[in-house]
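Structure first, then comments.
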Amino acid sequence: MTHSAEVSTTGSALIRARLPRWSLAAIAAAVILVTVVLFVATPMQGLVGSVLVAVLLYVIVQTVASGLVEGRRAATNRLVTSVVVICTCAALLPLVAVLGFTIVKGVKVLNASFLTHTMRGVAEQDPNGGIYHAIIGTLEQVGLAALMAIPFGLLVAIYLVEYSSGRLGRMVSFFVDVMTGLPSIVAGLFIFALWILVLGRSFSGFAGALALAILMLPTVVRSAEEMLKIVPDSLREGSYALGVQKWVTVVRVVLPTALAGIVTGVMLAVARVTGETAPLLLTVFGNPALNFNPFSGAQASLPLFVFSEAGLPNDTAIDRAWAAALVLIVIVLFLNILARLVARFASVRS
C-alpha cells in the first residue's frame, strides 16, 4: 500500500501542468484587442507598426503565462519557438510579397501575343508588342555563359579538391574568393574594355555571355568544391584498391556521388546571372527587334527589357515591365525544376 502511494505521488510530480489549447487563441485575441485600443487612443499609426506591437505583446504574454503555469523550462521553449517562427516568417515575407506583387501586376498583360511578338515598330504607349526577342536573347546569353562557366568551374573545383597542393592551389582558391565578391558592373566594364574597346568587337549577346560567365564562375567553383569535399574518402579508397586510375575514379565515382549538390550550385549560379542588368547594359546594348545571332549585333534580354520599360513615363510600358519580370521568374523556376529532375535521374543509386 505504501509502495503504491509512493509511485502515485512520484508520477503526479513528474506530470507538469500545461496551458490549454484555447489559451493561445485567447491570448492572441486579447493582444489584438489591446493593440487596436492602443493605436486608436494614441498617436501611433501604421499597419507595420501595429503588427510589430501585436507580435511583441503576444510573445511576452505567452511567455509569462507559460512561466506561471508550465514552469521556466517550458516558458523558455515557447519563447525560443516563437522567436524562430517569427524570424522565419520575416525572412519569407519579402519573397512572398515580391512574388505576389509581380504576379498580380504581370498577369494583366501576359498573353500569347505578348510572348510571341517583339517591340519592333511599337510605340511606347502602344499596348501591342511583346518580349519574344528578349526571351530568345536571355536564353542564348545565359546558355552561352553556362557552356563557358560550368565546365571550366567544375575542372577548377576538381583540381582544388583532388589534385591541388601547395602554393598554386592556395593562389587559385584566393582568386576564386576575390571573384565571388566581384560587382556585376565591374565584370561588364572588363568585357566592355577588352572585347569592345581593345579588340574592336561590336555589342553582341556573346559579349554579354562573357560577362555573365565571369559572374557564374566563382559560384560554380565554390559549390562544386564543397560538394566534392563531402564525398566520403572510403569511396575513393575502394576504387583505388580495385586498381582504378584516379581520373576514372573522379569521373565515375566522385562526380556522380556529388551530382545533386553540384546541380544545385550550378542552378544558383544560373539564377544569379539570369537577372543581371548592369553587365548587359555595357555589352549587349539592347535591341527592340529579334536577333537570333548572339555573335553579331546588339541583342535584347529580359533584364534589359524590364529596365528600359520601367523607366518610361507611361502605364503601358510599366505593365509590360511587370509581365516581363514575371516571365523571367517563371524561366528561372522552370530551369531549377528541370535541373532537379536531371540530378534525380542521373544520381547514383544504391
Side-chain angles (χ1 to χ4, degrees), residues 114-124 126 128-153 155-156 175 178-179 181-221 266 269-312 317 320-321 323-325 327-328 331-332 335:
F114 184 74
L115 297 175
T116 56
H117 287 76
T118 69
M119 292 298 295
R120 183 176 183 179
V122 178
E124 296 178 2
D126 192 343
N128 298 320
I131 58 172
Y132 179 64
H133 61 305
I135 294 175
I136 297 299
T138 294
L139 293 178
E140 289 183 351
Q141 293 155 26
V142 174
L144 287 173
L147 288 177
M148 291 183 285
I150 293 174
F152 187 69
L155 290 176
V156 173
F175 280 110
V178 171
M179 291 180 63
L182 185 70
S184 58
I185 188 65
V186 175
L189 284 172
F190 173 73
I191 297 300
F192 175 76
L194 177 64
W195 185 258
I196 297 177
L197 297 184
V198 176
L199 299 180
R201 304 289 183 175
S202 63
F203 295 99
S204 63
F206 182 71
L210 290 175
L212 296 182
I214 293 176
L215 298 175
M216 284 184 65
L217 186 60
T219 305
V220 174
V221 172
V266 167
V270 171
R272 179 197 173 187
V273 303
T274 301
E276 287 290 349
T277 306
L280 303 183
L281 282 170
L282 300 171
T283 54
V284 175
F285 199 68
N287 191 344
L290 178 63
N291 179 12
F292 272 111
N293 187 0
F295 300 97
S296 176
Q299 195 176 38
S301 71
L302 283 172
L304 283 181
F305 183 88
V306 173
F307 177 79
S308 60
E309 292 294 311
L312 297 178
R320 283 197 292 256
V327 172
L328 187 61
I331 289 176
V332 173
L335 291 176

Work out which heavy atom in [X] is nearest to a heavy atom in [Y]; give both atom names and the distance.
| X | Y | answer |
| --- | --- | --- |
| Ala209 | Ala145 | O-CB, 3.5 Å |
| Val270 | Thr274 | O-OG1, 2.5 Å |
| Arg272 | Leu215 | NH1-O, 3.2 Å |
| Pro279 | Ser184 | CG-O, 3.3 Å |

Measure the shortest side-chain to side-chain distance between [X] and [Y] over non-hydrogen atoms and say whether it is less than 4.5 angstrom.
| X | Y | answer |
| --- | --- | --- |
| Pro218 | Leu182 | no |
| Met148 | Leu210 | yes |
| Ile331 | Leu139 | yes |
| Met216 | Phe152 | no |
| Leu328 | Val306 | no |
| Leu282 | Ile191 | no |
| Leu281 | Phe307 | yes |

Check: Do any pairs count as a side-chain hydrogen bond (donor to acceptor under 3.5 Å, both in side chains) and have a residue in residues 187-212, sequence neighbours left out, and if so which ones?
Finding: none

Checklist line | Pairs involving residues 283-311, ordered by first then second residue, that meet side-chain hydrogen bond (donor to acceptor under 3.5 Å, both in side chains) (sequence neighbours left out) | finding: Glu140-Gln299, Gln141-Gln299, Glu309-Arg320

Notebook entry, point to check: Got a sec: does the CZ of Phe203 have more than 12 other heavy atoms crowding it under 6.0 Å?
Noted result: yes

Check: Should the heavy atoms of other residues, nucleotides or ligands under 6.0 Å from CZ of Phe295 be counted, would the total exceed 12?
Finding: yes

Next item on the list: Name all pairs fulfilling the salt bridge (Lys or Arg N to Asp or Glu O under 4.0 Å) condition that reach into residues 281-301, sequence neighbours left out, sorted by first residue then second.
Entry: none

Next item on the list: Starting from the C-alpha separation in whole Å, work towards a yes-or-no answer on side-chain contact (heavy atoms from CB on, under 4.5 Å) for Asn128 and His117.
Entry: CA-CA 8 Å; Asn128 298 320; His117 287 76; over 6 Å; no

